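When a ligand or atom number is given, it counts from 1 through the structure's own listing order. Computed from a prediction, not measured in an experiment: that's the story for all the values here.
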Amino acid sequence: MAVDASLIEADANKQNSTPKEDWDASQIDPTDAPRAVREYLETLDEADFGAASEVQPKFTSHSDPASQWTAARKGPAFFGYSDNYLIDTDHGVIVDVEATRSIRQAEVGSTRTMLERVKAKFDLHPERLIAETAYGTGPMLGWLVDRKIAPHIPVFDKSGRNDGTWTRADFEWDAENNQYICPEGQTLKQFRRNYSDSNRGPTGEGVAKYRGLKNICQACPSKARCFPNMDFRSITREEHEDAGQVARDIAKTDQYVISMKLRKKVEMLFAHLKRVLGLGRLRLRGPCGANDEFLLAATAQNLRKLAKIFPAPQQPRKA
Ligand code: SF4
């Protein structure tokens, strides 16, 4: 299976919106609010919507407050929802759809919802999941590997450096001895520490830190390439780093190359949705409105696909 999200414009305009400094959801009276506004209030604690991020959007629409103010298309910003597709890559059939707020946390989170739903509803359990880098976060990869779904996903790795010094990938992981081996053959051992700042760890539970010995690192001929600004070299290992390694190993296989081509099938479905079915802007408002429209559009796409896979038997012409 493959997963991806596409941004669809909501039926909302900036003229009818409030900047974040002035927006206060607690002032809204739900008994007197239209359906889309009531749905916004009802989904404030849901992971796909309000709870997806603590960051307040720059503007909130009055007519459809659950829609996200976004400039993700690198053009002028607008209000939109994300249409998330989970597809079967053998045939390009959409197996699940979910509307979310247009931010990555919500889109990635919806993948879990869809995978759990197709398992419960159709007993479908993919051997592998194909997705782009945004889905390659530690917690997501860990979640997939725990469920025996091979992540054909580039790892979202923030440990990269752009100053030419060695990155974590240049150090060999020695799982048996719980240590890293540096390019000079020295060991970096772990010391644990629970960060009080939950943002420092991928799940709020902290990260493991491995460090070289100060006297060895200070005398090392590769010091300049390893740690120009410190007394010794240290490397952090996130909680789901094992799952990250699984994904990195998969990325070296021939099947992965095929998977990256198969990923285009989701993009083609979104292109078809917008260009052929003309779903560039939603007509219905609120999370339920977006979900209904996305579901109906996906159903239309599947019917077209199924008609091609299983063409109707030809009727013999009457003489
Ligand atoms: S500086 Fe330390 S960690 Fe880096 S290569 Fe040299 S010995 Fe290894």
Side-chain angles (χ1 to χ4, degrees), residues 53-55 104-105 108 111 128-257 259-260 263:
S53 170
E54 286 177 6
V55 179
R104 272 300 172 193
Q105 301 91 308
V108 174
T111 306
R128 50 187 170 262
L129 183 76
I130 304 166
E132 48 134 323
T133 317
Y135 295 80
T137 57
M140 186 69 213
L141 295 174
W143 190 89
L144 290 169
V145 170
D146 285 350
R147 281 155 188 80
K148 311 229 172 323
I149 301 172
H152 285 231
I153 305 173
V155 178
F156 186 80
D157 193 350
K158 285 187 275 186
S159 72
R161 297 173 167 210
N162 49 17
D163 57 2
T165 54
W166 283 328
T167 68
R168 185 168 61 194
D170 294 307
F171 291 70
E172 190 188 324
W173 171 238
D174 174 4
E176 204 177 310
N177 299 306
N178 187 26
Q179 62 186 15
Y180 278 96
I181 312 286
C182 76
E184 290 285 352
Q186 300 293 335
T187 56
L188 285 84
K189 301 268 189 189
Q190 181 191 8
F191 75 90
R192 288 196 180 275
R193 169 176 164 190
N194 288 327
Y195 290 107
S196 53
D197 176 2
S198 61
N199 292 328
R200 301 273 308 262
T203 61
E205 290 170 10
V207 292
K209 205 163 193 176
Y210 295 76
R211 50 186 281 182
L213 281 173
K214 186 176 168 183
N215 56 345
I216 293 179
C217 288
Q218 283 293 340
C220 176
S222 303
K223 195 172 134 182
R225 285 203 66 195
C226 197
F227 65 98
N229 304 319
M230 293 168 66
D231 288 341
F232 55 87
R233 178 65 196 249
S234 69
I235 293 180
T236 51
R237 186 171 175 86
E238 284 142 24
E239 194 193 356
H240 300 284
E241 191 53 34
D242 287 343
Q245 196 53 50
V246 171
R248 283 191 196 93
D249 291 343
I250 289 171
K252 294 172 193 155
T253 62
D254 293 342
Q255 182 60 49
Y256 181 81
V257 178
S259 294
M260 289 302 105
R263 195 170 67 75

Ion pair present between R225 and E184, side-chain N to carboxylate O less than 4.0 angstrom? no

Nearest protein heavy-atom contact for [atom]: which residue, which atom, what distance?
atom: atom 1 (S) of ligand 1; result: F227 CE2, 3.2 Å
atom: atom 8 (Fe) of ligand 1; result: C182 SG, 2.3 Å
atom: atom 4 (Fe) of ligand 1; result: C226 SG, 2.3 Å
atom: atom 6 (Fe) of ligand 1; result: C220 SG, 2.3 Å

Does [Y] offer a backbone N or O that forms a donor-acceptor pair with the side chain of [X] under 3.5 Å?
X: T167; Y: A169; answer: yes
X: R147; Y: W143; answer: yes
X: R104; Y: Y135; answer: no

Between atom 2 (Fe) of ligand 1 and C217, is there an N, O or S atom separated by less than 2.8 Å? yes

Note to self: Looking at ligand 1, would G212 count as a contact under a 4.0 Å heavy-atom criterion?
What the structure shows: no

Taking only non-hydrogen atoms of F232, do any sit less than 4.0 angstrom from ligand 1? no

Please list, in number order, the atoms of ligand 1 under 4.0 Å from a heavy atom of [X].
X: E184; answer: 5 (S), 6 (Fe)
X: W166; answer: 5 (S)
X: R233; answer: 3 (S)

* Asked: Checking R211 against F232: charged group under 6.0 Å from the ring centre and within 45 degrees of the axis?
  -> yes

The reported gap from CZ in F171 to SG in C226 (rounded to nearest 0.5 angstrom) is 4.0 Å

>> Quick check on N177: does its CG atom have over 12 non-hydrogen neighbours (other residues, nucleotides or ligands) under 6.0 Å away?
In response: yes

